[in-house]
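For reference, the structure discussed in these notes is given below.
Counting starts at 1 for both ligands and their atoms, in listed order.
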Amino acid sequence: MVLGDQLNPDSLALEDFDAAQDVIWMAEVRAESTHVWSHKARTALFFAAMRHFASAQHALGRRVDYWELTRSIAAGFEDLPGALTAAVQKLQPQRVIWVKPGDYRVESELRAALAALSVELVARPDRHFLVDLEAFFAWAKGRKEFRLEHFYRLFRKQLNVLMQGSKPIGGAWNFDSSNRQSFGRKGPGTLPAPLRFAPDAITQSAIADVERYFPEHPGSTASFAWPVTPEQANAALDDFVQTRLAQFGRHQDAMWSDAPWLHHALISSALNLKLLHPMRAVRAAEAAFHQGLAPLAAVEGFIRQVLGWREFVRGLYWWRMPKYLSDNALNATLPLPEFYWSGKTEMRCMQQVLEQTLTHGYAHHIQRLMVTGNFALLLGVQPQQVHAWYLAIYVDAVEWVELPNTLGMSQFADGGVIASKPYCASGKYIERMSNYCQGCRYQPELSTGSSACPFTTLYWDFLERHADRFAKHPRSALQWRARERLSSEQRSAIKAQADRLREEFCGSAQKNPG
Ligand SMILES: Cc1cc2nc3c(=O)[nH]c(=O)nc-3n(C[C@H](O)[C@H](O)[C@H](O)COP(=O)(O)OP(=O)(O)OC[C@H]3O[C@@H](n4cnc5c(N)ncnc54)[C@H](O)[C@@H]3O)c2cc1C
Ligand code: SF4
């Protein structure tokens with residue numbers, strides 16, 4: 001059995017494949033696109049990559065029992081457990097072999113279906129990660145705090161990445177001070193156009209099915225050009241290393257209007273579908289440093305994301321599930337504003353990020369964390385609704401990576417497991433890191449009045465609402481202390497304006513989001 005996010009041809013599920021008796025089973029089912037209201041490009045990417053995988057396996061002379069959506073729907077399969085039950089009844093296998101699913105929900109539902117059928121299940125580990133789950137659990141056991149830096153250093157040493165003996169190359173583990181700059185007034189200048197992949201006949205058939213079966217779903221497939229095969233994924237990585245890696249670190253956090261890609265790698269969906277191995281990405285970046293193609297700060301910044309954050313959040317996901325799903329440390333209860341699905345808002349930063357998201361199914365990390373995520377956090381949106389949106393709307397969204405990033409890092413719903421304090425900021429941060437505020441009808445420095453930036457109003461209101469929790473905490477006290485400069489009149493004006501914003505954006509009479 002091969003799931004849609006396990007498309008590596010060297011998957012352990014296929015290791016001892018015997019063409020004389022074995023069959024590869026794969027299915028597209030409607031429920032995987034509707035359990036969250038999936039962006040059309042996200043579903044198209046899964047179907048296109050799965051169909052290419054099936055076609056490549058078929059070309060190797062292997063029998064593939066592939067259920068395209070039209071066939072699944074005609075047979076009455078609504079979801080994966082239903083489809084698997086029918087497949088087992090039809091094929092009567094001695095056993096089902098799979099690689100551990102990446103998603104808790106999928107794994108538990110499919111295990112229950114197989115148990116009900118009394119069919120033997122052979123579960124094999126997913127080789128497309130750098131750190132085994134057992135190694136993560138051994139590291140996590142007994143820890144009170146989970147900090148990326150500790151995890152990252154340990155596994156950089158163990159995997160011998162950017163090391164000189166037992167010391168990090170360059171004498172430091174972290175080059176954050178050289179990274180994270182804005183583009184300044186002049187902007188990013190001429191940006192290299194990333195390698196994109198025009199849909200071939202297989203991808204076009206996947207897109208056509210999405211348009212046929214999910215016409216009302218959000219987003220567009222018109223500009224679909226994501227890698228859908230291992231060859232394309234490798235080419236996308238090489239293109240990044242050659243043309244954008246050198247600038248990646250320095251401008252990792254910067255944003256600019258109408259420039260969705262900047263110097264980012266655009267490989268998350270290929271990594272998550274297992275079209276590309278993370279070690280290949282790490283070693284390619286490391287080689288670029290040794291060849292003088294990219295500076296150490298950029299290379300370290302990139303490796304920190306792939307070997308660090310990506311592996312770290314995966315471990316935390318499995319360590320904390322299923323409890324993670326219901327976390328809501330700040331007791332936020334408001335509904336997600338409607339405009340997250342349409343991009344129709346006067347806030348230029350939100351409009352830019354949402355429009356790009358609906359067009360491509362892509363936004364880079366700081367757009368997700370400090371624009372859309374920050375806004376939901378400041379407003380007080382229920383984290384489970386924020387999670388459902390992020391899982392639906394990005395082409396790279398799979399729960400093991402999306403959930404810790406959304407509930408943990410962005411919404412502080414896990415109470416500080418991933419981040420030691422909330423990632424919250426006013427409009428001034430967005431002004432510093434982008435040109436979005438130019439031409440916006442709001443002004444980032446204002447917190448009250450008709451031109452006040454909603455981020456800034458809600459930021460001060462957020463500090464006030466959560467002062468009990470954060471004002472005395474050593475990691476957040478400095479940030480919270482700033483509100484002491486506000487007079488009591490300013491504070492009540494901010495609160496009244498924040499209440500009006502919540503009314504306007506959430507359509508809810510509830511004034512206290514927690
Ligand atoms: C609220 C929120 C939700 C997110 N949801 C997802 C998701 O569903 N799927 C997903 O792959 N990433 C997610 N991320 C992390 C990150 O935003 C994306 O991995 C990144 O934007 C993908 O674009 P890129 O390939 O151009 O990455 P780059 O910016 O070029 O980074 C290189 C690679 O590093 C890895 N990476 C970077 N940051 C992270 C991170 N925080 N966690 C895990 N891996 C990281 C990715 O594999 C990425 O491809 C989320 C971040 C936030 C704040
Ligand atoms: S002024 Fe505020 S709402 Fe407008 S772009 Fe800047 S941060 Fe966004």
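- A salt bridge links Glu107 with Lys100; the closest basic N to acidic carboxylate O contact falls under 4.0 Å.
- With respect to atom 1 (S) of ligand 2, the closest heavy atom belonging to the protein is Tyr442 O, 3.4 Å.
- The aromatic ring centroids of Trp480 and His466 lie 6.0 Å or more from each other.
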What do the steps show when you test Lys428 against Glu431 for salt bridge (Lys or Arg N to Asp or Glu O under 4.0 Å), and what is the final call? CA-CA 5 Å; Lys428 294 292 287 172; Glu431 183 190 33; 3.1 Å; yes
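- Scanning all protein heavy atoms for the shortest distance to atom 33 (C) of ligand 1 gives Val306 CG2, 3.8 Å.
- Atoms of ligand 1 lying under 4.0 Å from any heavy atom of His364, numbered from 1 in the order shown and given with element: 21 (O).
- The protein heavy atom nearest to atom 5 (N) of ligand 1 is Arg368 NH1, 3.5 Å.
- Here Asp396 has heavy atoms under 4.0 Å from ligand 1 in both its backbone and its side chain.
- For Arg196 and Trp226, the positive end sits near the middle of the six-membered ring, less than 6.0 Å away and at most 45° from its axis.
- Under a cutoff of 6.0 Å and an axis angle of 45°, Arg368 and Tyr390 do not form a cation-pi pair.
- With ligand atoms numbered from 1 in the order given, ligand 2 contributes 1 (S) to contacts under 4.0 Å with heavy atoms of Pro444.
- Look at Pro404 and you'll find every heavy atom at least 4.0 Å from all atoms of ligand 1.
- At the top of the distance list for atom 12 (N) of ligand 1, counting protein heavy atoms only, stands Val401 CG2, 3.7 Å.
- Under the ring pair (Phe, Tyr, Trp, His ring centres under 6.0 Å) rule, Phe137 has a single partner from Trp318, Tyr317, Phe146, Trp319, which is Trp319.
- Residue contacts with ligand 1 for Tyr362 involve side-chain atoms from C-beta outward but no N, CA, C or O (heavy atoms, distance under 4.0 Å).
- The distance from ligand 2 to the heavy atoms of Gly427 drops below 4.0 Å at these ligand atoms: 7 (S).
- Protein heavy atom closest to atom 4 (Fe) of ligand 2, with residue, atom name and distance, is Cys440 SG, 2.3 Å.
- Not a single N, O or S atom of Cys437, from either the backbone or the side chain, sits less than 2.8 Å from atom 2 (Fe) of ligand 2.
- Proximity of Phe302 to ligand 1, defined as any heavy-atom pair under 4.0 Å, is confined to the side chain (atoms from C-beta onward).
- Considering Asp461, Val386, Leu458, Leu336 as possible partners of Leu379, the one that fulfils the side-chain contact (heavy atoms from CB on, under 4.5 Å) test is Leu458.
- Protein heavy atom in closest approach to atom 11 (O) of ligand 1: Asn272 ND2, 2.8 Å.
- Checked against the 6.0 Å centroid criterion, the rings of Phe505 and Phe375 qualify as a close aromatic pair.
- For Trp37 and Trp389, the distance between ring centers is not under 6.0 angstrom.
- Annotation: side chain of Asn272 is in contact with side chain of Arg310 (closest heavy-atom distance under 4.5 Å).
- By the criterion of a heavy-atom distance under 4.0 Å, the backbone of Ala363, and not its side chain, is placed next to ligand 1.
- Note: Phe151 and Trp139 meet the aromatic proximity criterion, with ring centroids under 6.0 Å apart.
- Exactly one residue among Phe248, Phe240, Phe302 makes a ring pair (Phe, Tyr, Trp, His ring centres under 6.0 Å) with His264. That residue is Phe248.
- A donor-acceptor contact under 3.5 angstrom links the side chains of Gln367 and Gln356, judged on distance only.
- Atom CZ of Phe289 and atom CG of Leu245 lie 11.5 Å apart (nearest 0.5 Å).
- Closest protein heavy atom to atom 48 (C) of ligand 1: Ser268 CB, 4.1 Å.
- Under a 4.0 Å heavy-atom criterion, Phe240 is not in contact with ligand 1.
- Not one N or O of Leu369 is nearer than 3.5 Å to an N or O of ligand 1, by distance alone.
- Annotation: cation-pi pair Arg42/Tyr394 absent, no NZ/CZ under 6.0 Å from the ring centroid and within 45° of its normal.
- Those atoms of ligand 1 that come under 4.0 Å of a heavy atom in His365, given as number and element, are 15 (C), 16 (C), 17 (O), 21 (O), 41 (N), 51 (C), 53 (C).
- Protein heavy atom closest to atom 41 (N) of ligand 1, with residue, atom name and distance, is Asn405 OD1, 2.9 Å.
- For ligand 1, one of its N or O atoms has an N or O atom of His264 under 3.5 Å away.
- Checked against the 6.0 Å centroid criterion, the rings of Trp256 and Tyr436 do not qualify as a close aromatic pair.
- By the 3.5 Å distance cut-off applied to N or O atoms, Ala265 is counted among the residues near ligand 1.
- Taking distance alone, with nitrogen or oxygen atoms compared against 3.5 Å, Leu266 approaches ligand 1 more closely than that limit.
- Counting only heavy atoms of the protein, atom 2 (Fe) of ligand 2 lies nearest to Cys453 SG, 2.4 Å.
- Nearest protein heavy-atom contact of atom 38 (N) of ligand 1 is Gln305 OE1, 3.3 Å.
- Listed by number with element, the atoms of ligand 1 under 4.0 angstrom from any heavy atom of Arg310 are 43 (C), 44 (N), 47 (O).
- Among protein heavy atoms, the minimum distance from atom 5 (S) of ligand 2 is reached at Cys349 N, 3.5 Å.
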